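For reference, the structure I am asking about is given below.
What you see is a predicted model, and the numbers here were worked out from it, not measured in a lab.
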Amino acid sequence: MGTKEKTSEELLLKEETVKQNEIVLFNDDVNTFDHVINTLIDVCEHTPEQAEQCSLIVHYNGKCTVKTGEYNDLKPRCSRLLQAGLSAEIV
């Protein structure tokens, strides 16, 4: 195996091991479906259909992963969800 191939292989391995976190949204008895949907569209850049599906999953299952990515990207998004009155955390 040549040096170039080994370097490429190491780079691919590093890309695959990047830590991905998730924002998990939890159900509550306070917020309306419309508020949750509009907030997900605004904060998490969901399509209306995706936001509606997530709101239904949260309603029936009690929680749903609404965004996956690197922690530094998720932290401000999670803060905005909390400021909007939603219950969420990064895992």
Practice task
Could you check if a side-chain atom of Lys63 sits within less than 4.5 angstrom of a side-chain atom of Asn27, using non-hydrogen atoms only?
Solution key: no
Handout entry: Ile37 vs Pro48 side-chain heavy atoms within contact, under 4.5 Å
Key = no
Practice task
Could you tell me whether Asp42 and Arg80 have a side-chain N and a carboxylate O separated by less than 4.0 Å?
Solution key: yes
Handout entry: Side-chain donor/acceptor of His46 to backbone N/O of Val66, under 3.5 Å
Key = yes
Fill in the blank from the handout: Rounded to the nearest 0.5 Å, the CD atom of Glu52 sits from the CG atom of Asp34 at a distance of 9.5 Å
Practice task
Report yes if some heavy atom in the side chain of Cys44 is under 4.5 Å from a heavy atom in the side chain of Leu25; otherwise report no.
Solution key: no
Practice task
Keeping the roles fixed (side chain from Asn31, backbone from Gly85), state whether a donor-acceptor pair exists under 3.5 Å.
Solution key: yes
Exercise for the section: For the pair Glu89 and Phe26, evaluate side chain to side chain contact (heavy atoms under 4.5 Å, CB included) and give the outcome as yes or no after the intermediate values. Expected result: CA-CA 8 Å; Glu89 68 179 24; Phe26 296 96; 3.6 Å; yes
Handout entry: Donor-acceptor contact below 3.5 Å, side chain His35 vs main chain Ala84
Key = yes
Exercise for the section: Starting from the C-alpha separation in whole Å, work towards a yes-or-no answer on side chain to side chain contact (heavy atoms under 4.5 Å, CB included) for Leu86 and Leu82. Expected result: CA-CA 5 Å; Leu86 304 182; Leu82 295 172; over 6 Å; no
Completion exercise
Tightest non-hydrogen contact, residues Cys54 and Cys64, listed as SG-SG, 4.0 Å
Practice task
Apply the side-chain contact (heavy atoms from CB on, under 4.5 Å) test between Val24 and each candidate in Thr65, Ile90, Val58; give the one that qualifies.
Solution key: Thr65
Exercise for the section: Determine whether Glu70 and Lys19 make a side-chain contact, defined as any pair of heavy atoms from C-beta on separated by less than 4.5 Å. Expected result: no
Exercise for the section: Evaluate the side-chain proximity of Lys67 to Arg77: yes if any heavy-atom separation is below 4.5 Å, no if none is. Expected result: yes
Exercise for the section: Report yes if some heavy atom in the side chain of Phe33 is under 4.5 Å from a heavy atom in the side chain of His59; otherwise report no. Expected result: yes
Practice task
State, to 0.1 Å, how close Thr68 and Leu74 come at their nearest heavy-atom pair, and which atoms those are.
Solution key: C-CD2, 4.2 Å
Handout entry: Derivation and outcome, side chain to side chain contact (heavy atoms under 4.5 Å, CB included), residues Asn21 and Val91
Key = CA-CA 6 Å; Asn21 295 96; Val91 295; over 6 Å; no
Problem - Minimal non-hydrogen separation, Ser87 against Asp28, with atom names - result: N-OD2, 4.4 Å
